[in-house]
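If you're wondering where the values come from, they're calculated on a predicted model, not measured in any experiment. Chain A is the first sequence line, chain B the second, and so forth, proteins listed ahead of strands; every chain is numbered from 1.
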Amino acid sequence: MRIATYNVNGIKARIERLVDWLGRARPDVVCLQELKSEDAGVPRGPIEDLGYHLETHGQKGFNGVAILSRLPLSDVVRDLPGDAGDEQARWIEATVEGPRVVRLACLYAPNGNAAPGPKYDYKLGWMARMEARAADLLRSEMPVVLAGDYNVIPADIDAARPAAWVADALALAPSRAALRRIAHLGYGDALRLRHPGPGLYTFWDYQAGAFARNDGIRIDHLMLSPQAADLLVDAGVDAAERAAERPSDHVPVWIDLGG
DNA sequence: ATGGTCGCAAGGCGA
């Protein structure tokens with residue numbers, strides 16, 4: 001069973017790219033981020049034509065997440081608990097009824113710039129709420145996958161030019177610590193479990209020819225509960241998608257779960 | 001380089 005995460009940076013602008021990639025990569029389940037569209041504006045038809053169910057949590061203009069699945073989905077939950085006043089669409093959860101039953105969360109963590117400031121405070125508060133939810137999900141003892149755009153560069157090895165990010169919300173020490181707290185609950189970074197070396201990136205800025213210079217960072221992650229990590233067979237990054245016509249600034253990241 | 005490039009949606013914000 002292949003599960004992927006892909007920050008599309010606008011579902012309307014990316015639908016042709018997305019459909020093309022789905023047809024080639026044939027993932028069973030996909031977590032999408034940055035729809036930048038309300039639910040009614042999501043072009044469902046071309047996705048459903050490929051055999052995917054579609055559960056969206058959209059927002060006009062900004063944010064927005066969705067889970068696509070060729071396998072049945074159940075118990076869909078929208079929004080991250082812990083702040084009833086938070087109206088940003090950054091979280092959707094579902095149970096994937098596959099060969100193994102997996103609880104899957106699709107997340108779009110706040111960027112947090114400029115730091116320090118109110119946006120950075122929101123980022124850290126959101127990450128703390130995510131940690132609490134991640135701990136709750138472990139109690140089910142199901143395989144749990146937390147997949148999405150974390151907007152955190154876990155360590156210097158995850159940036160081509162780490163010095164360029166030292167004052168950025170994506171790399172500041174409290175941001176990295178927030179991600180490590182989730183790891184310390186028992187969640188493993190799937191890409192790192194399979195690929196320990198440098199040069200693995202999932203985002204290249206549109207500006208200044210970042211992709212041509214391979215000036216990338218790794219901020220899209222699939223974190224696996226112990227029961228999910230036991231099933232991990234392979235993981236990878238579809239970096240070639242960044243070279244396609246009208247690409248997102250992120251590329252798909254995927255895992256294969258066996259068992 | 002207080003620039004640069006995108007998407008959304010029709011001016012400026014978010015990234």
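- With sequence neighbours left out, the ring-ring contact (aromatic ring centres under 6.0 Å, His included) criterion links A:F203 to A:H250.
- Note that A:R218 lies outside the cation-pi zone of A:Y201, set by a 6.0 Å cut-off to the ring centre and a 45° limit from the axis.
- Residues meeting the salt bridge (Lys or Arg N to Asp or Glu O under 4.0 Å) test with A:R90, sequence neighbours left out: none.
- Taking hydrophobic clusters as Ile, Leu, Val, Met, Phe, Trp and Tyr residues chained together by side-chain heavy-atom distances below 4.5 Å, A:Y52 shares a cluster with A:V19.
- For B:dG7, the OP1/OP2 oxygens have a side-chain nitrogen or oxygen of A:R246 closer than 4.0 Å.
- B:dG12 and B:dG3 have their P atoms separated by 16 Å, given to the nearest Å.
- Between the C1' atoms of B:dT2 and B:dC8, the separation comes to 24 Å (whole Å).
- The interatomic distance linking A:D215 (CG) with B:dG4 (P) rounds to 18 Å, in whole Å.
- No path of Ile, Leu, Val, Met, Phe, Trp and Tyr side chains, each step under 4.5 Å between heavy atoms, connects A:V8 with A:I67, placing them in separate hydrophobic clusters.
- Protein atom CD1 of A:I11 is 16 Å distant from nucleotide atom C1' of B:dC6, rounded to whole Å.
- A centroid separation of 6.0 Å or more is found between the aromatic rings of A:W91 and A:Y108.
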Close N or O pairs between protein and nucleotides 12-15 of chain B (under 3.5 Å):
from	atom 1	to	atom 2	distance (Å)
B:dG14	OP2	A:K119	NZ	3.3

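- For the C1' atoms, the distance from B:dC6 to B:dG11 is 16 Å, rounded to whole Å.
- A distance of about 15 Å separates the P atoms of B:dA15 and B:dA9, rounded to the whole Å.
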